[in-house]
Amino acid sequence: MEAFHLLSRGGAQFDKKRFKNDVQLFNKSKTLDKGKGVAKHTDGELPPELDFFKFTQGGPGKRKVECGADGRSPHKKAKVDEDDESDENSEEHEDEDEEQTASSSAPRQRVTAKGNNVPEHVKSFADLAKRYNLPSRLLSNIAQSGYKQPTGIQSHGVPILLESRDLAAISPTGTGKTLSYLLPTMALLGAPASSSQSDSGKGVRALILAPTRELAHQIHNECLKLAQGRKWRIVLFSRATASTLADKNVRDKVDIIISTPLRMVAAIQSGNLELSNVRHIVLDEADRMLDAEFLEQVQEVVASCTHPKVQKAVFSATLPANAEKIAMSMLHDPIRVVVGLKDTPLPLIAQSLTYVADDSSKLPTLLQYLSQPYNPPLLVFVSTQPRATSLAEELVLSGTPNVDCLHAGMTKKEREDAVSRMRKGESWVMVSTEVMARGMDFKGVREVINYDFPQSVQSYVHRIGRTGRAGREGKAITYFTDEDAPFLKTIANVILQSGSTVPEWMVKLPKPSKMKRREMGKVKRADAVNSARRVGRSEAIKKRDMIAGSKRRKGKDELSEVPKRDYLEKPRATDAGEMSE
DNA sequence: AAAAAAC
């Protein structure tokens with residue numbers, strides 16, 4: 001572990017023996033597979049951005065060095081989606097992203113596009129601008145935001161949306177989905193409603209829905225970057241902004257609303273919102289938006305968008321069959337674009353599983369992990385709000401510096417503050433629930449720990465997708481107990497699929513039986529009842545922050561209270577804001 | 001299969 005850390009800073013020689021010992025120390029954990037993640041520091045291995053075979057199916061066993069100097073796979077037509085049988089009515093083309101050059105940081109991924117008359121993808125933003133005559137201001141804002149080459153989903157998805165087609169886009173975490181829908185939406189809106197050039201009718205014209213406030217906020221920020229220099233009215237919907245829209249004159253000038261579903265439903269029902277002029281609807285994290293709890297709300301919002309020509313698009317890194325069915329039924333003559341492998345984490349993320357026997361062994365394991373070098377900020381996922389609060393508290397009490405916590409039981413302000421500390425790099429260990437699992441783009445996050453086992457493959461993929469963003473490497477560790485055993489095989493297969501390795505016995509486990517699942521359900525439910533009380537932010541953290549706050553006012557050395565750990569890297573600021581989902 | 005999140 002330490003060896004890895006030193007290596008990742010480029011400061012030491014890779015020592016296999018030492019590394020092996022460390023792995024054994026961590027029980028069954030396979031921290032890194034065959035040097036993944038340290039490849040660029042060892043001789044003879046391709047740096048990840050050139051390692052296209054990471055994107056082939058079947059894990060490392062199949063990794064062969066048979067690509068040419070340009071790294072192109074000779075088997076690029078090989079099908080890897082089992083549900084890709086050809087369809088009489090659909091046109092299909094596949095290719096690997098050709099726009100990516102060897103110097104590009106983002107790796108190539110296989111892209112498939114299915115549907116009628118699929119528009120040709122573009123190779124660069126310049127191509128895009130030329131073909132669709134994009135506003136120059138929009139283009140310069142894209143450049144200003146640091147986007148250089150379109151990612152797979154951008155080069156394929158943006159033309160589809162610009163040609164006013166409906167789209168279901170499936171692209172891995174951290175591959176720039178947000179820009180893929182914001183750019184065409186803004187281009188198609190043409191001019192702000194408040195400008196004289198606009199003849200687009202009155203009222204909101206675009207709607208973007210996301211499952212959490214934090215994500216809506218982040219999308220809003222991205223949108224504002226693209227909007228610079230023009231008088232776009234882009235509203236992050238909240239109780240406060242909703243009430244300002246009660247004024248019809250204000251409402252008519254709004255171009256884009258970004259919101260969570262329930263907030264929209266409330267506004268619609270209050271009669272203060274008119275959606276009949278909406279021309280573009282985007283569901284981000286579409287599978288989440290279409291699951292049981294959100295579906296009705298989303299359907300109500302979509303039904304309120306009564307304009308005859310509404311373009312709809314859904315985006316996610318994961319889209320289980322049932323969610324896809326619902327999504328496709330909402331879309332009109334859709335094109336389905338898949339980048340990489342559906343429901344599969346990025347190969348850039350080195351994944352491992354760590355056995356921790358039972359719940360009480362998790363904390364010692366984590367503390368031991370934190371006592372060794374790690375790359376802050378570290379994101380730690382737990383299953384419930386009370387567990388988030390109490391784990392954060394335990395960590396603070398154990399002397400771990402800069403521990404933070406984020407769950408939906410906290411106040412809006414507490415949540416905003418936590419995200420802002422994270423963006424500033426002030427949080428070194430962030431304990432959180434599923435609320436942070438999707439879409440959040442903290443560029444500095446190199447490590448994710450699933451302290452509690454994820455409840456679904458989708459959850460796993462999204463949680464660990466908080467690292468390995470925009471072509472960077474990442475590392476994800478998942479703790480599992482005896483109780484998690486029934487679901488181990490499923491996650492092990494996902495890990496294998498994305499190019500990390502797992503012990504052989506895991507894949508040989510029997511399929512989880514329904515009996516076992518039911519038993520687990522009982523245990524978990526009892527657990528939930530015991531801790532059902534509403535929890536706020538950890539008292540220990542509040543106290544710590546008060547102390548830190550008063551120190552900050554006196555001087556800038558607010559860390560003098562916590563034990564110095566000079567082996568800790570300085571956390572990177574995580575708000576560079578180039579690319580997000 | 002279940003918790004979290006949404007107001």
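Every chain is numbered from 1 and lettered A, B, ... according to where its sequence line falls, protein lines coming before strand lines. Computed from a predicted structure; not experimentally measured.
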**Prompt:** Atom CE of A:Met440 and atom C1' of B:dA4: how far apart are they, to the nearest Å?
**Reply:** 16 Å
**Item:** Any donor-acceptor N/O pair, A:Gln458 side chain to A:Pro320 backbone, under 3.5 Å
**Value:** no
**Prompt:** Taking atom C1' of B:dA4 as reference, at what distance in whole Å does atom OH of A:Tyr451 sit?
**Reply:** 19 Å
**Request:** Let me know the distance between CG of A:Asp452 and P of B:dA2, rounded to the nearest Å.
**Result:** 16 Å
**Request:** Nearest whole angstrom, please: distance from the P of B:dA4 to the CD of A:Glu285.
**Result:** 19 Å
**Prompt:** Looking for any heavy atom pair under 4.0 Å, which part of the strands does A:Pro261 touch: base, sugar-phosphate only, or nothing?
**Reply:** nothing
**Prompt:** Hey, does the side chain of A:Thr433 come within less than 4.0 Å of B:dA3's phosphate (OP1/OP2), counting only N and O?
**Reply:** no
**Request:** Could you tell me whether the phosphate oxygens of B:dA4, OP1 or OP2, come under 4.0 Å of any side-chain nitrogen or oxygen in A:Arg387?
**Result:** no
**Message:** Treating A:Glu447 as the side-chain partner and A:Asn375 as the backbone partner, does any N or O pair qualify as donor plus acceptor under 3.5 Å?
**Reply:** yes
**Message:** Considering only residues two or more places apart or on different chains, which pairs with a residue in residues 259-271 of chain A satisfy side chain to side chain donor-acceptor pair (under 3.5 Å)?
**Reply:** A:Gln269-A:Glu300
**Message:** Could you check whether A:Thr241 and A:Thr244, counting side-chain N and O atoms only, form a donor-acceptor pair closer than 3.5 Å?
**Reply:** no
**Fill in**
Here the distance between atom C1' of B:dA6 and atom CD of A:Glu434, to the nearest Å, is 15 Å
**Request:** Tell me which nucleotide among B:dA6, B:dA4, B:dC7 gets nearest to the side chain of A:Phe294.
**Result:** B:dA6
**Asked** Has the side chain of A:Glu293 got a donor or acceptor atom sitting under 3.5 Å from an opposite partner on the base of B:dA4?
**Response** yes
**Message:** Please check this pair: side chain of A:Arg205 against backbone of A:Gly203, looking for a donor-acceptor N/O pair closer than 3.5 Å.
**Reply:** no
**Item:** Quiz item: A:Arg213 side-chain donor-acceptor pair to B:dA6 base, under 3.5 Å
**Value:** no
**Prompt:** How long is the line joining NZ of A:Lys412 and P of B:dA6, in whole Å?
**Reply:** 11 Å
**Item:** Atom-to-atom span, CZ of A:Arg438 to C1' of B:dA6 - whole angstrom
**Value:** 14 Å
**Prompt:** Counting only side-chain N and O atoms of A:Thr212, is one of them less than 4.0 Å from OP1 or OP2 of B:dA4?
**Reply:** no
**Asked** Any sub-3.5 Å donor-acceptor pair from A:Asp358's side-chain atoms to A:Ser361's backbone N or O?
**Response** yes
**Request:** Pull out every residue in residues 296-305 of chain A that has a heavy atom closer than 4.0 Å to any atom of DNA chain B, ordered by number, or say none.
**Result:** A:Gln297
**Prompt:** Any side-chain N or O of A:Arg263 less than 4.0 Å from the OP1 or OP2 oxygen of B:dA5?
**Reply:** no
**Complete:** Separation of B:dA4 atom P from A:Tyr460 atom OH, nearest Å, is 21 Å
**Message:** Regarding A:Thr481 and A:Glu483, do their side chains bring together a donor and an acceptor under 3.5 Å, going by distance alone?
**Reply:** no
**Request:** For A:Ser459, report the nucleic acid contact type (base, sugar-phosphate, nothing); a contact means any heavy atom under 4.0 Å.
**Result:** nothing
